[in-house]
Amino acid sequence: MIHLTFPDGARREFEAGVTGVDIAKGISPSLLKRTVAMALDGTVTDLTDTISKDAKIEFLGRDDPRALELIRHDCAHVLAEAVQSLWPGTQVTIGPVIENGFYYDFYRETPFTPEDFPAIEAEMKKIIARDAPFTKEVWTRDAVRDLFEKKGEAFKVELVDAIPAGEDLKVYKQGDWFDLCRGPHMTSTGKIGDAFKLMKVAGAYWRGDSTRPMLTRIYATAFAKKDELDTYLHQLEEAEKRDHRRLGREMDLFHFQEEGPGTVFWHKKGWTLFQSLTNYMRRRLSRLGYDEVNAPQLLDKSLWETSGHWGWYQENMFAVKSAHAYMNPEDQDAEQRVFALKPMNCPGHVQIFKHGLKSYRDLPLRLAEFGAVHRYEPSGALHGLMRVRGFTQDDAHIFCTDEQMAAECLAINDLILTTYKDFGFDKIVVKLSTRPEKRVGSDALWDRAESVMMKVLEQIKEQSGGTIETSINPGEGAFYGPKFEYVLRDAIGRDWQCGTTQVDFNLPERFGAFYIAEDGSKTIPVMIHRAICGSMERFTGILIEHFAGHFPLWLAPTQVVVATITNDGDDYARDVAAQLQNAGLRVETDLRNEKITYKVREHSLAKVPALLVVGRKEAADKTVSIRRLGSPDQQVVSLAEALATLSAEAIPPDQKRLAAE
């Protein structure tokens with residue numbers, strides 16, 4: 001007999017070998033009808049699996065979040081069946097679940113195109129409507145190989161050949177169609193529902209090898225409910241409109257080119273935006289007692305060996321010698337030392353901390369740097385500002401005593417949350433990532449740090465009044481200590497992990513950093529790594545997409561354009577622009593001999609927040625006609641009122657708070 005524990009805590013006895021179907025049916029037919037799979041000790045399995053030992057059991061309906069992966073997995077099998085039904089002779093390869101959906105790779109002489117999607121989707125709906133049960137059979141490796149060889153499925157044969165001899169394999173059937181698969185699956189194809197959509201096609205080499213056959217990869221998505229699919233498709237549509245790369249071109253902010261892969265060519269307006277963000281952060285840090293420093297870009301590899309980065313992170317680093325050393329490798333006088341472009345700022349900050357004796361009275365010492373760092377990213381992973389090789393970190397490292405750690409983490413939390421609020425992000429999740437399997441430092445140190453950070457996490461949730469969501473990520477901490485991860489949600493519902501707070505036991509000890517404690521002893525400081533934006537380039541890209549280029553006035557690269565209706569207003573336009581500039585606003589004039597409708601359209605495309613239109617009448621009355629971005633209306637006000645209104649809007653939120661205190 002075995003004992004199964006149910007979610008309500010009830011514990012019941014069953015014969016060994018009982019299936020999930022038997023148990024659900026015994027409880028109630030309605031439970032069996034709405035159940036698509038089960039979880040045993042947290043692991044999702046087929047409902048038809050036998051249970052041979054004590055376990056915690058849960059029955060999953062298709063609306064359970066854990067069932068979403070099953071829906072997508074099952075849908076991939078249905079996609080493959082539909083394709084082979086419509087185009088016999090097509091070979092199937094693999095079809096995994098990925099973030100936001102799934103794909104399946106096919107081999108066919110004529111590649112698939114999006115024009116094939118309607119026929120495929122129609123066939124998929126027929127298969128789903130048949131509601132064939134998913135049945136699992138365990139076959140010998142040789143039997144599976146023979147079966148696929150007879151079907152002419154060369155790619156499946158290759159997959160089977162890669163599996164060790166003697167190992168049994170699972171084959172899942174849905175009616176007459178079957179596939180090699182680890183599982184699990186739901187009970188039948190009908191449980192998939194109709195909330196699925198084929199998205200796009202792409203080419204993919206078999207096994208990622210350019211010498212192997214080119215396959216057609218069909219990407220798709222699926223959800224439990226139609227409204228969830230509609231929400232996702234709307235999000236994609238919005239994301240395309242907000243794509244920072246497109247807006248970067250339209251707003252003339254930046255560009256990329258092959259001679260500098262993964263590095264940003266900032267244009268005047270983009271650099272103004274970047275500097276507005278940087279200056280905001282500098283003001284925040286200055287008021288909180290941070291000392292801004294700057295460590296070298298190029299450091300001998302020995303420093304990175306000491307820090308551990310050369311061992312842990314070398315493949316992501318750029319290493320260099322002087323050109324003379326490369327050209328003259330046999331020249332003993334040529335400096336042959338290997339240097340690395342820094343991928344992060346922390347080792348340099350430890351060197352600054354070590355320069356001069358530190359006392360406990362000097363702590364906490366907060367060192368901040370807007371440091372340019374370089375990390376190797378594969379060319380295929382580069383993505384505008386979001387994934388680059390050269391970027392700026394809004395990095396800081398706090399050196400403190402063990403007793404100061406909790407207070408510093410709370411202060412960092414307040415800084416991060418108020419910063420996000422100032423940029424319009426009000427839905428935040430704070431995750432505590434705990435010790436990974438591979439780590440440095442004693443268990444006692446980890447126990448202490450995790451205990452402190454757990455208490456801080458509780459305080460974060462309590463202080464937010466429940467508005468901040470918190471969670472635990474077991475085993476996801478850095479190798480040198482636990483960390484908080486801050487995930488923000490943008491205007492269209494996408495989540496971005498940006499800020500981090502990481503406790504480090506490793507680096508100060510490796511470099512021999514210490515302070516003189518109150519009792520006169522040499523004591524290793526706690527080192528807290530902290531970032532708010534993370535990558536300033538990436539955060540700028542997030543802001544562009546969050547605001548869809550419609551920046552609040554204080555952040556906009558060009559805040560106001562003064563445009564004329566006719567040449568009669570040129571002198572007045574120059575005077576208006578001068579007064580706005582004297583008030584601290586970023587202003588341009590548009591005195592071109594073009595129709596005002598053309599000018600309005602052009603500056604709207606460039607996402608200028610405020611357009612002041614002036615002509616002969618406005619010059620005589622000392623007024624301006626204000627047009628706001630995104631509004632068809634215009635308002636005629638006095639120049640003095642326009643100056644006062646726009647000047648007030650242009651004050652950054654941190655300075656407004658300071659003035660109100």
Side-chain angles (χ1 to χ4, degrees), residues 231 233-254 267 269-270 272-274 276-277 280 385 420-427 488-494 539-565 573 576-577 580 583 585-590 592 594-615 618 623-637 639 641-653 656:
T231 298
L233 296 177
H234 176 71
Q235 186 184 80
L236 289 182
E237 185 180 342
E238 279 296 307
E240 186 175 352
K241 293 177 186 175
R242 294 165 179 260
D243 190 314
H244 72 283
R245 295 166 298 179
R246 180 174 66 82
L247 291 173
R249 290 191 299 271
E250 292 177 358
M251 298 173 68
D252 192 23
L253 302 178
F254 58 84
H267 300 187
K269 292 179 181 179
T272 299
L273 171 63
F274 189 90
S276 294
L277 174 59
Y280 165 90
L385 298 176
Y420 292 166
K421 186 175 181 181
D422 283 348
F423 289 104
F425 301 108
D426 53 9
K427 293 182 179 178
L488 54 85
R489 181 163 294 174
D490 70 10
I492 60 172
R494 297 173 301 179
F539 196 75
T540 301
I542 292 170
L543 289 177
I544 292 170
E545 297 194 359
H546 176 63
F547 289 113
H550 294 226
F551 293 111
L553 194 71
W554 73 272
L555 194 57
T558 301
Q559 295 171 321
V560 185
V561 167
V562 183
T564 53
I565 301 172
V576 170
L580 289 165
L585 290 153
R586 295 186 286 273
V587 187
E588 295 178 2
T589 56
D590 187 347
R592 294 174 299 167
E594 298 283 359
K595 291 182 179 180
I596 190 61
T597 52
Y598 177 85
K599 295 180 181 181
V600 170
R601 185 167 57 251
E602 187 174 88
H603 296 303
S604 295
L605 184 65
K607 305 296 187 292
V608 177
L611 182 64
L612 303 191
V613 178
V614 298
E618 286 79 12
T623 60
V624 294
S625 177
I626 300 182
R627 292 173 179 260
R628 298 285 189 162
L629 180 64
S631 172
D633 301 326
Q634 58 182 338
Q635 182 183 16
V636 178
V637 299
L639 175 56
E641 183 180 344
L643 277 168
T645 299
L646 294 172
S647 297
E649 286 184 33
I651 299 173
K656 286 184 179 179

Just by distance, do the side chain of [X] and the backbone of [Y] share a donor-acceptor pair under 3.5 Å?
X: Lys599; Y: Asp590; answer: yes
X: Arg242; Y: Ile544; answer: no
X: Glu545; Y: His244; answer: yes
X: Glu240; Y: Glu237; answer: no
X: Arg586; Y: Gln559; answer: no

Check whether any side-chain heavy atom of [X] sits under 4.5 Å from a side-chain heavy atom of [Y], and report yes or no.
X: Phe551; Y: Thr558; result: no
X: Val608; Y: Leu629; result: no
X: Phe547; Y: Lys607; result: no
X: Glu618; Y: Val624; result: no
X: Thr645; Y: Val637; result: no

Give the minimum heavy-atom separation between [X] and [Y], together with the two atoms involved.
X: Ser604; Y: Val600; answer: OG-O, 2.7 Å
X: Ser276; Y: Leu555; answer: CB-CD1, 4.0 Å
X: Ala239; Y: Arg494; answer: CB-NH1, 3.7 Å

Test side chain to side chain contact (heavy atoms under 4.5 Å, CB included) applied to Thr623 and Val636, Leu612, Val614, the passing residue: Val636
Among Val562, Val576, Leu646, the one residue meeting side chain to side chain contact (heavy atoms under 4.5 Å, CB included) with Val587: Val562
Using the ring of each side chain (for Trp, its six-membered ring), is Phe423 parallel, tilted or perpendicular to Trp554, with breaks at 30° and 60°? tilted
In Å and rounded to the nearest 0.5 Å, what is the [atom1] to [atom2] distance from [X] to [Y]?
X: Ile492; Y: Thr231; atom1: CD1; atom2: OG1; answer: 12.0 Å
X: Ile542; Y: Asp490; atom1: CD1; atom2: CG; answer: 8.0 Å
X: Leu611; Y: Ser625; atom1: CG; atom2: OG; answer: 8.5 Å
X: Glu250; Y: Asp243; atom1: CD; atom2: CG; answer: 10.0 Å
X: Leu247; Y: Leu605; atom1: CG; atom2: CG; answer: 9.0 Å
X: Thr597; Y: Glu602; atom1: OG1; atom2: CD; answer: 11.5 Å

Checking Phe254 against Leu273 for the side-chain contact (heavy atoms from CB on, under 4.5 Å) test, could you report, in this order, the C-alpha distance in whole Å, the side-chain angles of both residues, the deciding distance, and whether it holds? CA-CA 11 Å; Phe254 58 84; Leu273 171 63; over 6 Å; no
Would one find more than 12 heavy atoms of other residues, nucleotides or ligands at under 6.0 Å from atom NZ of Lys656? yes
